[in-house]
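Since the structure comes first, as structure tokens, the remarks are kept for the end.
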Amino acid sequence: MDRVLVQTNVLKANQEVAAENRRLFAGEGTVVINLMSAPGAGKTSLLEATIPALKGQYNLAVIEGDLQTDLDSQRIRALGVPSHQITTGTVCHLDARMVARALAEFPIQKLDLLIIENVGNLICPASYDLGESLRVVICSLAEGPEKPKKYPVMFHKADFVLLNKTDLSPASGHDLKDLMTNVWEVNPRAVVFAVSCKTGVGLEDWIACLREVIASAAWQSHRGYESSNLCSQA
Ligand code: MG
Ligand code: ZN
């Protein structure tokens, strides 16, 4: 079999497991976020900034994906929220089967929100549906404005895009507007939040939007969940 065919079959098999995951999540009324970015853009920092605002109100859990170590899971557990670490070894993305296996030892009953922090990588995680309700991509302004143009698949499929480290704009010499323009060029329907996980700027809008998504999912869980008309950009 040629390589393209093998790849197509792998993705097709993944899609089937993802559909099962999605049915399971919908049955529980759980909003599931697939959180993706390049390494170091601030995925775990975003969780550390977001979880304290939500955990009193909702049942939350996190699945962490990394090649090695459970360092990120330790950071989440320190917030008093359950976290399950998937270590992928040499695999540079999570797939639906890894998530399904994690769910077997990590029950999601009664969860309002499950956040899956993917392996830091802007390339193949975009191709692997995990059964999530929302795809959230973080892009750090410190990395410059070109990432959406260089990795269009990741940005094209994102529901929400967070532009992090906006506090570094003067130091890095990068303009937030250039990055925003490039995101919308690749994906005009992306809901974009400019934030700094370090200073907290912009996080209240992101957290308010998450609350809206969770409330809407609970309300819609009996007739299927639609993310497309949520959190329309103000
Ligand atoms: Mg991390
Ligand atoms: Zn990969």
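Order of listing sets the numbers, starting from 1, for every ligand and every atom in it.
Other residues, nucleotides and ligands contribute only 12 or fewer heavy atoms inside 6.0 Å of the CZ atom of Arg97.
Among protein atoms, those of element N, O or S found less than 2.8 Å away from the Zn ion (ligand 2) are Cys92 SG, His93 ND1, Cys124 SG.
Asp129 and Asn14 share no donor-acceptor pair across their side chains, judged by distance under 3.5 Å alone. One side chain, Asp66 or Gln85, offers a donor N or O that lies under 3.5 Å from an acceptor on the other.
Here Thr199 contributes atom OG1 and Asp167 contributes atom CG; the two are 5.0 Å apart, rounded to the nearest 0.5 Å.
Around the Mg ion (ligand 1), protein N, O or S atoms at a distance under 2.8 Å total 3; waters are neither shown nor counted.
A salt bridge is defined here as a Lys NZ or Arg NE, NH1 or NH2 lying under 4.0 Å from an Asp or Glu carboxylate O, and Lys43 with Asp72 fails to meet this definition.
Between His93 and Tyr128, the ring-plane angle classifies as parallel under the 30° and 60° cut-offs.
Leu122 has its side chain out of reach of Lys150: every pair of non-hydrogen atoms, C-beta onward, lies at least 4.5 Å apart.
Paired with Asn34 under the rule side chain to side chain contact (heavy atoms under 4.5 Å, CB included), one option of Val136, Asn118, Asp159 passes, and it is Asn118.
When atom types are taken as modelled, the side chain of Lys165 and the backbone of Ser140 share no donor-acceptor pair closer than 3.5 angstrom.
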